Amino acid sequence: MSNEEFPRSYSMYSNIHGYLGLPLTRDLDAADVFVVGLPYDLATSGRSGTREGPLGIRAASAQLRWEERRWPWDFDLFERLRVADYGDLEYPFGNHEALFASVAEHYGKLLAAGKTMLTFGGDHFITLPLLRAHAKQHGKLAMIHFDAHTDTHDAEDSVYFHGSMFYHAPREGIIDAGRSVQVGIRTFYYPQSHEFEVIDAAHANDLAVEEIVARIGARVGDSPCYLTFDIDCLDPAYAPGTGTPVAGGLTTDRALKIIRGLTAINLVGMDVVEVAPAYDHAQVTSLAGATLGLEMLYTLAAARS
């Protein structure tokens, strides 16, 4: 099956349920890359509401449908990648473990079939089960992490907390902190055990984009790499709709330019998390999330070409 058999919609207001108007299907033969929603926010510490993130991002992505070739790329994404929307994974109310089991089942099947996923959250905690699934397929991963927070809170009892995933992940052996980098950090919490390279927000705003990309490339090398983007990496002026906004972040333009520069990275999985539409205005944050996701897909397509 091909994208021709499941045509993409170009309407900016009709049938806006699928990301970018892509077909909704769970047929593994229909695509090489699947968009998946994880509407989970049970691990949030600030304002809740990121369970609506996948819906908000998909709706805002209707504004991106009309471009046959996204500037400044010189090719049509869908001529290089077969992409489909897998829909949202479901789990019983309040049941963390059921979500983990659902991620393990669906992503395990998709990864075993050689598929790549772009996931929309949900709070940032979803990245931990996603990393587990990807590491099972690809081995220990490098990670590129865009965020205002390091998410390395070291409380051992913080099992379900969107601020502790990257404390647990290196200790589980699923990511290599020595091959990972965090961009946009601007909160105080830097434990001595923190092993990630950090390009904090002040430096990320002052350095040339090319220098940031070079530092990321030098850190990650050719390792299989997972890219996770917490929308609060962006300054609240560009992403007000999130649970834990922090002033002093990146512009949307700068973030897109950095992602655009990652074509030499061996990306095996990607996510955009922490979009909370209830705190948004005029879909500003949801549109940023949808656009970041699209840029990731173009970067993946360029890398694979």
Side-chain angles (χ1 to χ4, degrees), residues 1-12 14-39 53-70 73 75-90 102-122 126-127 129-131 133-134 136-138 141 224-229 259 262-263 265-273 289-305:
M1 296 182 183
S2 66
N3 279 0
E4 287 73 23
E5 294 175 80
F6 293 92
R8 184 166 67 97
S9 171
Y10 289 89
S11 174
M12 297 170 67
S14 299
N15 299 312
I16 60 173
H17 313 294
Y19 180 62
L20 298 172
L22 293 168
L24 286 163
T25 180
R26 293 191 174 179
D27 179 354
L28 298 192
D29 293 328
D32 304 308
V33 179
F34 284 90
V35 175
V36 186
L38 288 185
L55 177 63
I57 291 171
R58 286 186 174 101
S61 77
Q63 302 303 317
L64 304 173
R65 289 184 182 187
W66 62 273
E67 287 188 296
E68 292 186 9
R69 296 185 180 185
R70 174 164 173 75
W73 301 98
F75 62 88
D76 183 337
L77 170 67
F78 301 104
E79 290 179 355
R80 295 196 182 184
L81 287 182
R82 295 186 309 146
V83 190
D85 194 322
Y86 195 80
D88 293 339
L89 300 193
E90 297 185 11
S102 183
V103 168
E105 175 189 354
H106 288 273
Y107 281 78
K109 176 175 62 177
L110 287 159
L111 286 162
K115 309 304 178 181
T116 304
M117 276 66 70
L118 166 62
T119 304
F120 294 131
I126 67 165
T127 302
L130 291 174
L131 286 170
H134 283 79
K136 188 173 182 181
Q137 178 68 26
H138 295 286
L141 303 163
C225 182
Y226 191 91
L227 171 60
T228 179
F229 198 107
I259 291 172
L262 301 180
T263 54
I265 302 298
N266 179 19
L267 293 175
V268 298
M270 308 163 288
D271 68 48
V272 178
V273 298
T291 307
L292 287 163
L294 180 56
E295 207 70 45
M296 292 176 188
L297 291 175
Y298 267 97
T299 300
L300 185 68
R304 293 186 175 180
S305 67

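In this text, all values refer to a predicted model and were calculated from it rather than measured experimentally. Along the sequence shown, residues are numbered consecutively beginning with 1.
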| What residues, two or more places apart in sequence or in another chain, satisfy side-chain hydrogen bond (donor to acceptor under 3.5 Å, both in side chains) together with His138? | none

| task | Using side-chain hydrogen bond (donor to acceptor under 3.5 Å, both in side chains) as the criterion, list what pairs up with Asp85, not counting sequence neighbours. | result | Arg58

What's the spacing between [X] [atom1] and [Y] [atom2] if we round to 0.5 Å?
X: Thr127; Y: Asp271; atom1: OG1; atom2: CG; answer: 3.5 Å
X: Leu22; Y: Phe78; atom1: CG; atom2: CZ; answer: 4.5 Å
X: Thr25; Y: Leu28; atom1: OG1; atom2: CG; answer: 8.5 Å
X: Leu118; Y: Met270; atom1: CG; atom2: CE; answer: 5.0 Å

Closest approach of [X] and [Y], non-hydrogen atoms and distance?
X: Gly122; Y: Pro54; result: N-CD, 3.8 Å
X: Ser102; Y: Glu90; result: OG-O, 3.8 Å
X: Val268; Y: His134; result: O-CD2, 3.4 Å
X: Gly21; Y: Arg65; result: N-NE, 3.2 Å

Taking side chain as C-beta onward, heavy atoms only, is [X] less than 4.5 Å from [Y]?
X: Asp32; Y: Lys115; value: yes
X: Phe120; Y: Asp88; value: no
X: Leu130; Y: Thr228; value: no

| message | Can a donor-acceptor pair be found, under 3.5 Å and without considering hydrogens, that links the side chain of Tyr19 to the backbone of Ala290? | response | yes

| Parallel, tilted or perpendicular: which describes the rings of Tyr86 and Phe34, with under 30° parallel and over 60° perpendicular? | perpendicular

| request: Test Leu111 against every option in Gln137, Lys136, His106 by the side chain to side chain contact (heavy atoms under 4.5 Å, CB included) rule and name the one that passes. | output: Gln137

Which donor-acceptor pairs under 3.5 Å do the side chains of residues 293-305 make with protein atoms, sequence neighbours left out?
{"from": "Glu295", "atom 1": "OE1", "to": "Arg70", "atom 2": "NE", "distance (Å)": "2.9"}
{"from": "Glu295", "atom 1": "OE1", "to": "Arg70", "atom 2": "NH2", "distance (Å)": "3.4"}
{"from": "Glu295", "atom 1": "OE2", "to": "Trp73", "atom 2": "NE1", "distance (Å)": "2.6"}
{"from": "Glu295", "atom 1": "OE2", "to": "Arg260", "atom 2": "NE", "distance (Å)": "3.0"}
{"from": "Tyr298", "atom 1": "OH", "to": "Arg70", "atom 2": "N", "distance (Å)": "3.0"}
{"from": "Thr299", "atom 1": "OG1", "to": "Ile259", "atom 2": "O", "distance (Å)": "3.1"}
{"from": "Thr299", "atom 1": "OG1", "to": "Glu295", "atom 2": "O", "distance (Å)": "2.9"}
{"from": "Arg304", "atom 1": "NH2", "to": "Thr116", "atom 2": "OG1", "distance (Å)": "2.4"}
{"from": "Ser305", "atom 1": "OG", "to": "Arg80", "atom 2": "NH1", "distance (Å)": "3.0"}
{"from": "Ser305", "atom 1": "OG", "to": "Ala302", "atom 2": "O", "distance (Å)": "2.7"}

